[in-house]
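First comes the structure, then the notes that go with it.
We're numbering straight along the sequence, starting at 1.
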Amino acid sequence: RDFAVPRPCNLEKEMLALAKRIYAHGTDRAKARTLLCHVYHHALHGRYVTARDMLLMSHLGDSVHNSDISTQILYNRALVRLGICAFANELV
């Protein structure tokens, strides 16, 4: 393995591989936080439709009020980043 920093990588592919591992083996809290980070990542890189669809299909907004405070904060950050992404893509 090459451990040089920075090493070339396909960030989207790496993020998906790590997220799949957590979706398969993580706790419910870890899965929810991973989904929010994944949504944030897509929104940060301008993939509004993908991020929006992930967030809507998860129905996380229906139950986030039952989560711990740090997960609620992460949800709010992901939602705001999604709004900024929509604005940047001239969808609003």
Side-chain angles (χ1 to χ4, degrees):
R1 282 192 177 268
D2 183 19
F3 290 106
V5 177
R7 66 174 199 248
C9 71
N10 181 340
L11 190 56
E12 188 174 357
K13 187 177 173 183
E14 288 283 327
M15 185 75 172
L16 183 60
L18 294 170
K20 281 184 178 181
R21 176 179 272 175
I22 295 171
Y23 294 145
H25 304 291
T27 63
D28 287 341
R29 179 179 184 270
K31 290 175 186 178
R33 292 180 64 81
T34 299
L35 176 95
L36 292 171
C37 289
H38 208 172
V39 166
Y40 189 96
H41 171 77
H42 284 303
L44 186 63
H45 293 284
R47 297 186 288 270
Y48 171 77
V49 175
T50 304
R52 180 202 63 194
D53 290 348
M54 283 181 72
L55 193 58
L56 288 175
M57 294 193 48
S58 72
H59 298 285
L60 195 58
D62 299 338
S63 61
V64 74
H65 62 278
N66 295 326
S67 300
D68 59 293
I69 297 299
S70 62
T71 301
Q72 291 178 25
I73 292 169
L74 187 56
Y75 175 80
N76 289 337
R77 287 180 180 170
L79 204 56
V80 168
R81 176 52 65 185
L82 191 58
I84 292 170
C85 180
F87 184 77
N89 287 328
E90 299 177 353
L91 299 171
V92 179

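- Side chains of V64 and N76 form no contact here, defined as non-hydrogen atoms less than 4.5 Å apart.
- A donor atom on one side chain and an acceptor atom on the other are found under 3.5 Å apart for T71 and D68.
- In terms of heavy atoms, F87 sits closest to V92 at N-CG2, 4.2 Å.
- Using a 4.5 Å heavy-atom cutoff, the side chains of Y75 and L79 are in contact.
- Taken together through direct or relayed side-chain contacts under 4.5 Å among Ile, Leu, Val, Met, Phe, Trp and Tyr, V39 and L60 form part of one hydrophobic cluster.
- The structure places CG of L91 at 8.5 Å from CZ of R52, a figure rounded to the nearest 0.5 Å.
- A distance of 7.0 Å separates CG of L36 from CG of L55, quoted to the nearest 0.5 Å.
- For the residue pair R29 / S70, a side-chain donor-acceptor distance below 3.5 Å is found, with atom types taken as modelled.
- Between L11 and H45, the shortest heavy-atom contact is CD2-NE2, 4.0 Å.
- With hydrophobic clusters built from ILVMFWY side chains whose heavy atoms lie under 4.5 angstrom apart, Y23 shares a cluster with L74.
- Atom OH of Y40 is separated from atom CG of L35 by 15.0 Å, given to the nearest 0.5 angstrom.
- The two residues A43 and A51 have their closest heavy-atom pair at N-CB, 3.8 Å.
- Checking R47 against H41 by side-chain atom types alone, a donor-acceptor pair falls below 3.5 Å.
- To the nearest 0.5 angstrom, L18 atom CG is 11.0 Å from C37 atom SG.
- Distance check: M15 CE to K20 NZ gives 13.5 Å after rounding to the nearest 0.5 Å.
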- [ ] Please report the C-alpha distance between H38 and L16 in whole Å, then the side-chain angles of each, then the deciding distance to 0.1 Å, and finally whether the side-chain contact (heavy atoms from CB on, under 4.5 Å) criterion is met.
- [x] CA-CA 8 Å; H38 208 172; L16 183 60; 3.9 Å; yes

